[in-house]
Amino acid sequence: MRWRKLTAVRNLAVFAVAVAACLFAPTAVRNSVNRAFEEFRAPLDAIPSQLSDLEKFWSLSAKSKRDLIEAGRDLARLNSAYELKVLENASLRSQIHRFEKILNLPSHEKFKTEIARVCRRDISAWWQHVTIRKGSLHGIREGYAVVYGGGVVGRIAKVNAYTSVVELVSSRKFRMAAHVAGEDRPIIYQGLGSLSLQSAHGEVFDAPADLSASATSPLRLVTSALAGTFPEGILIGEIVSLAPEPDGIFKSGRVRLPKGLASLREVAVLIPVADIKTD
Amino acid sequence: MPVEQTYSKKNPRMYLFYWVFALAFAALLAALGYRQIFMYDVYVEKMERQSMRRVIEPGTRGDIYDRNGKLIVTNEPIFSAVVYFNDVRKEFREEYFKLKKAELARLESVGSKERPDYSKIAENARSNVLNGYLAQINSILGTDYKLGISDYNRHFAQKQLLPLPLVRNLTAREHAILAERIPVDSPIQIYTDTARYYPYGDVASHALGYVANNFDDDISKIPGGDLRTYAIVPTIGRTGIEAAFDDVLAGKSGAKIWIVDLAGYKYENVLDIPPTKGGDVFSSLDIDVQQAVEDAFGERKGAAVMLDVKSGEILSLVSRPSYDPNTLTPYITHKVDAEITARGAWLNRATSGLYPPGSTFKIVTAMAGLKSGAIDVDTVKTCNGGYRVGSRIFPCNSRYGHGNLDLEGALAHSCNVYFYETGIESGIDSIAEVAEEFGLNSSPGIELKEDSWRRTIIATPEFKKKRRKYDGPWTNGDTANSSIGQGYMLFTPLQIAAFTASFARGETRTKVSMLHDKKRKTDSEYHGAKKIPLTKEQYNAIVAGMVAAVERGTAKRAAIEGVKVAAKSGTAQVSVNGRPLTLAWMIAFAPADAPEVAISVIVEGEEPGDVGGGKTAAPIVRAAFEKYFSATNRGMPKIEN
């Protein structure tokens, strides 16, 4: 009995010491503990994602031979079409390189892509961030642009060795320079978050006063290369309303983000070529 | 009496003391109650007011458009990276304690009992924190912006509630980079201010005017007049349309009232009136015509005014040399001021330049001659190249004379002799009467403040007696000189343009305006005009003379294809600082048979005889008419640029 009491007291004391250590430990120590915990936890984020991929693979392999043969045929068709596109791209790229060399121009290619699977997305921060399955070991750094087939995903906010956290374009903490497709006047975009899991919105401000947009005739908002983080012309969303700001020079309004943002599975991190060369 | 009785409670003298004490205490209680209960609101308000600050933000100025809806003056954004002291207060405090601790340790280590300079420590703490943010901006932008401790202190002392600009005038790229890379919750914010922007640069600069800081902005109507106020200085129109329509263009200032704490930091916003943009002005200018006229001037000095004959609206108001109003905003630097002053470009020559009208005044002399009966439409006079008045021979512009000329021929060839004779026969009073009827000694009604009509002169014997008495009495020589627009006569190009428009319309006055109004009345009542005191035949004869001047006379270079132009050239001589100079004039209207536009052009010569009305001013008239008629596509083939 006495021993039990002593153990309870000891446990409490250990807990109190741990809390005190957390509270009074220097910031550097706390940061390193935090990072170590993140790295330790990274496989836990990655494993469910890997398992999900494996599960999908098994569920597909359980299909009938006939289905598999048909799917194989479709895939072969798609593959050949893509191979053709890849060849075309390669040919165009080599032509561009040749022209750049002849005309003594700087390289046109500013970004390389690093494809990464989304491995974690918390319900509590659905429109704030996602975790992807690639990190600093894959050349990813904080601030890099992240895109997907439907447009902008966001920006790398935190990098671990094997995983990275992406600040989503819909997050209130996400802001970037943009412009309306077809012109080059800069507009500032910022995420607005959302309570719904289906769709999210953003807002634009500093939009030129002569622009107008409505839900029925929206304006395509695309990235601007001015700040150097994103390449030119990637879709952010559609401006669905614009109203004059009090200064009379600018308008501000709402941006409808693409629906695909709610179901991200795979994204591409844009790694600046200049950084690769430096590394 | 025993001692006990003397000091007992029942002593009547003590009663008096008790009563006095009780009354005084009751008075104190009453006063306390009065202050606590009845004066409560007053003291609460007083306390709140002591802790309130007002921030005034000016409204943006309205835009200016030309008559075709083209934007000719607007505002452009100026982006600055700023920090609000409120947002970095915690960091100030942390840095302050860090520095204070270090200073105390230093004093202790040297064994000093000196008291640390706490205000200096606070200043250094602010400077360190703000320099940290400036360094952050510099590292993101790759720049080397610097601010000193005095900049921070001045802002802290005088504008604590206003944003502190760390970097002003960010480029679009810098703005984009900072917007992307500075965290949304960082104390560094992008602040947007506005500056006046003139997309056409120096075109129409005198007509449009410029703005300057208005330190006398009336904020009396904004609530919180008795509060300590921090104000962002608004702008006010100084010249041109900017000044004339300032009441329309000026935005309405907004205000925020903050409750601040003891250290002066924002605590709670209790009033927020957003600023509102000023109204837009639709000017009468046609920016394309304006541009064409300015291009035609090239590097020459002078002025031109083109009017819509019916409405009196000013299509073009040119004064050369001009200046780029974009260089005057947000403020005029000494360098820019000195450069504009050296070129003599501040003067609006179109409305404030005073010039002798030269031979363009022969239209007035002709009207005076016809009206007085000195000549009729068929009167023929002989020109032998000069005209003797007393002992002096007044020359004609043709050395060997024009021979026999009627009125039409005299106007076409601008024969001086014809008009010397006509003027002397009519008399100076007749000439002055016609000039006055046409309002050449009054304002044409333009809204701009820079109208020097009060300094214009219609030469008369009374004028000479009053203002030039040392030149002796009025002589026939003075009349002869006045007949051809020389001598004492002085008018502004705007007045001459209004005169031309009036004549073209067959009336005596034109009320000019810088505003475009499609619903404007254009009748004689609006203009305050009467019918020209001539018969139709007499009027037509003068018009025929002006048309002939374009077809075969001195104004040939003003001719344009497809439109009949009526014009009168003039070349006047003046003496500037004892140096003789030549002025080239031309007035014109078109189409001659149904006038739409009228123009006056003057070009200042640099050397005697280097310019002439027909040679120098006529091509400018032609450029203006070509642009106007090609744009309106009336009666002439399209001009290929």
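In what follows, chains carry the letters A, B, and so on, assigned in the order in which the sequence lines appear, proteins first and then strands, with residues in each chain numbered from 1. Keep in mind that the numbers below use all heavy atoms, side chains included, and drop hydrogens, waters and symmetry copies.
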(message) Does the Lys NZ or Arg CZ of Arg121(A) fall within the cation-pi geometry relative to Trp127(A) - under 6.0 Å from the ring centre and within 45° of the axis?
(response) yes
(request) Give, as side chain, backbone, both or neither, the part of Ile182(B) having an atom under 4.5 angstrom from any heavy atom of chain A. (result) both
(message) If I measure from the heavy atoms of chain B, does Glu167(A) come under 4.5 Å with its side chain, its backbone, both, or neither?
(response) neither
(request) State, yes or no, whether a side-chain contact exists between Lys134(A) and Thr163(A) at a heavy-atom distance under 4.5 Å. (result) no
(request) Look at the aromatic rings of Tyr65(B) and Phe282(B) and report parallel, tilted or perpendicular, splitting at 30° and 60°. (result) parallel
(message) Ignoring hydrogens, what is the shortest heavy-atom contact between Ala195(B) and Thr329(B)? Give both atom names and the distance.
(response) CB-OG1, 3.9 Å
(request) Could you tell me which of Glu57(B), His175(B), Glu174(B) has the largest number of non-hydrogen atom pairs under 4.5 Å with chain A? (result) His175(B)
(message) Sort by residue number and list every residue of residues 173-182 of chain A having at least one heavy atom under 4.5 Å from chain B.
(response) Lys173(A), Phe174(A), Arg175(A), Met176(A), Ala177(A)
(message) I'd like to know whether the aromatic ring centres of His155(B) and Phe85(B) sit less than 6.0 Å apart in this structure.
(response) yes
(request) Below 4.5 Å from any heavy atom of chain B, which atoms of Arg185(A) appear? Answer side chain, backbone, both or neither. (result) neither
(request) Answer with side chain, backbone, both or neither: which region of Asn75(B) has an atom nearer than 4.5 Å to a non-hydrogen atom of chain A? (result) both
(request) Check whether the side chains of Glu91(B) and Tyr96(B) place a donor and an acceptor atom closer than 3.5 Å, and report yes or no. (result) no
(request) With a 4.5 angstrom heavy-atom cut-off, could you sort out which part of Pro77(B) is near chain A: side chain, backbone, both or neither? (result) both
(request) Scan side-chain atoms only and decide if Ser283(B) and Asp66(B) contain a donor-acceptor pair under the 3.5 Å cut-off. (result) no
(message) For Ser205(B), give me all partners under side-chain contact (heavy atoms from CB on, under 4.5 Å), at least two apart in sequence or on another chain.
(response) Ser322(B), Tyr323(B), Pro325(B)
(message) What part of Glu76(B) gets within 4.5 angstrom of chain A, counting heavy atoms only: side chain, backbone, both, or neither?
(response) backbone
(message) Side chains of Asp324(B) and Thr327(B): any donor to acceptor distance under 3.5 Å?
(response) no
(message) So for Arg61(B), is it side chain, backbone, both, or neither that comes closer than 4.5 Å to the heavy atoms of chain A?
(response) neither
(message) Can you confirm whether Arg181(B) sits close enough to Thr229(A) that some side-chain heavy atom of one is under 4.5 Å from a side-chain heavy atom of the other?
(response) yes
